Amino acid sequence: MRIAVFGGLGALASEFVVQAMVAGHFVSWFIHTDDELSDTSLEAPTYSDAIRIVRGSSDILSKYQEVIAGCDAVVVAFDARYTQPSSWVHQQRLIQTAMRRESVQRLLVITTHGAGDSQRRLDWSTWAKLNVDQVRYMLLGQAEMCWSLVAQYSAQENVVTGSETLEARNGSSSSSSSGADSDDKPPHPDWALQWTILRPGLLTEGPVTGTYLASHDHIFGGHISYADVSDCAIKALEENMDIGECFSVAYSARVA
């Protein structure tokens with residue numbers, strides 16, 4: 001399988017790239033122009049049959065198309081430590097526009113426990129752990145610095161599922177125009193987005209164990225390693241995990 005990966009050098013995207021290559025998949029990986037790879041040999045011709053690294057700005061639609069061209073599926077795993085969360089919705093729209101132009105239908109997006117309709121099961125302590133910087137800003141009285149990771153992931157999910165409001169879409173039309181091209185490549189007439197969303201619990205370091213639970217129900221709390229989330233994502237693509245569904249993923253077996 002040929003997989004396009006967005007999330008740059010974020011911990012989850014990087015882990016997914018490694019596991020996908022080990023599993024024998026070809027990876028097309030989008031990173032920023034000035035990113036420094038820990039293994040620079042990945043850009044050498046030696047690995048051209050296993051990985052394609054595309055560098056560029058996250059505002060240029062043609063770069064997204066370059067990453068996605070010839071792929072069978074797209075994986076999106078944004079990381080707040082690598083990408084500004086306020087840009088996630090804009091980037092998600094560009095990714096899906098590029099997918100439509102390149103006639104690629106399969107999309108797997110990794111967000112977080114608490115996003116979307118799972119928010120009703122997000123307890124205060126888990127929210128605080130997900131948004132530790134936001135708690136600090138609130139305690140310091142710097143409310144203008146606050147944005148919720150959960151809210152940003154939820155807004156990103158709305159773009160994926162098609163439930164984004166017209167007001168939200170129109171409100172960002174001016175910022176989206178910078179990534180638009182006048183030469184719109186028409187998609188295949190039968191094109192339709194085939195998405196799956198994974199919502200992992202609190203992310204931790206650790207090896208692949210395969211002992212996690214992926215459930216339609218909302219897992220209450222729980223944690224999971226980057227490695228196991230990546231393992232779950234690869235299996236979701238290989239086994240064609242349910243289209244149009246959201247899955248909570250964690251070691252905890254407690255569900256709502």
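Model, not experiment: these values are computed from the prediction. Side-chain atoms are counted along with the backbone in the values below, which use heavy atoms only and exclude waters and symmetry mates.
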* Asked: Is the closest side-chain heavy-atom distance between Tyr64 and Glu102 below 4.5 Å?
  -> no
* Gap separating the CH2 atom of Trp195 from the CD atom of Gln96, nearest 0.5 angstrom -> 10.5 Å
* Does the side chain of Ile3 reach to within under 4.5 Å of the side chain of Cys71, using non-hydrogen atoms? -> no
* To do: Not counting sequence neighbours, which residues clear side chain to side chain contact (heavy atoms under 4.5 Å, CB included) with Tyr82? List them please.
  => Leu9, Ile31, His32, Asp35, Asp79
* Can you run down the ring-ring contact (aromatic ring centres under 6.0 Å, His included) pairs that involve residues 225-250, sequence neighbours left out, and say none if there aren't any? => His216-Phe247
* To do: Answer yes or no: is there a side-chain heavy-atom contact under 4.5 Å between Met21 and Leu42?
  => yes
* Structure fact -> CE of Met241 to CD of Gln194, rounded to nearest 0.5 Å, is 15.5 Å
* Asked: Are Leu202 and His113 close enough that some pair of their side-chain heavy atoms sits under 4.5 Å apart?
  -> no
* Could you grab the distance from atom CD1 of Ile110 to atom OG1 of Thr112, nearest 0.5 Å is fine? => 11.0 Å
* **Which residues share a side-chain hydrogen bond (donor to acceptor under 3.5 Å, both in side chains) with Thr111, sequence neighbours left out** => Glu157
* **Separation between CD1 of Ile197 and CG of Asp242, rounded to the nearest 0.5 Å** => 13.0 Å
* For Thr46, check side chain to side chain contact (heavy atoms under 4.5 Å, CB included) against everything at least two apart and list the hits. => Ala44
* Residues that Ser225 engages under side chain to side chain contact (heavy atoms under 4.5 Å, CB included), provided they are two or more places apart -> Thr204, Ala227, Asp228, Tyr251
* **Residues Glu66 and Lys63 bridged, charged N to O under 4.0 Å** => yes
* Asked: Got a donor-acceptor contact below 3.5 angstrom from the Arg55 side chain to the Thr33 backbone?
  -> yes
* Answer yes or no: is there a side-chain heavy-atom contact under 4.5 Å between Thr196 and Arg106? => yes
* Does Asp39 have any side-chain hydrogen bond (donor to acceptor under 3.5 Å, both in side chains) partners at least two apart in sequence or in another chain, and if so, which? -> Ser41
* **Heavy-atom check, side chain of Ile51 versus side chain of Trp29, under 4.5 Å** => yes
* **Pair Gln152-Gln156, side-chain donor/acceptor within less than 3.5 Å** => no
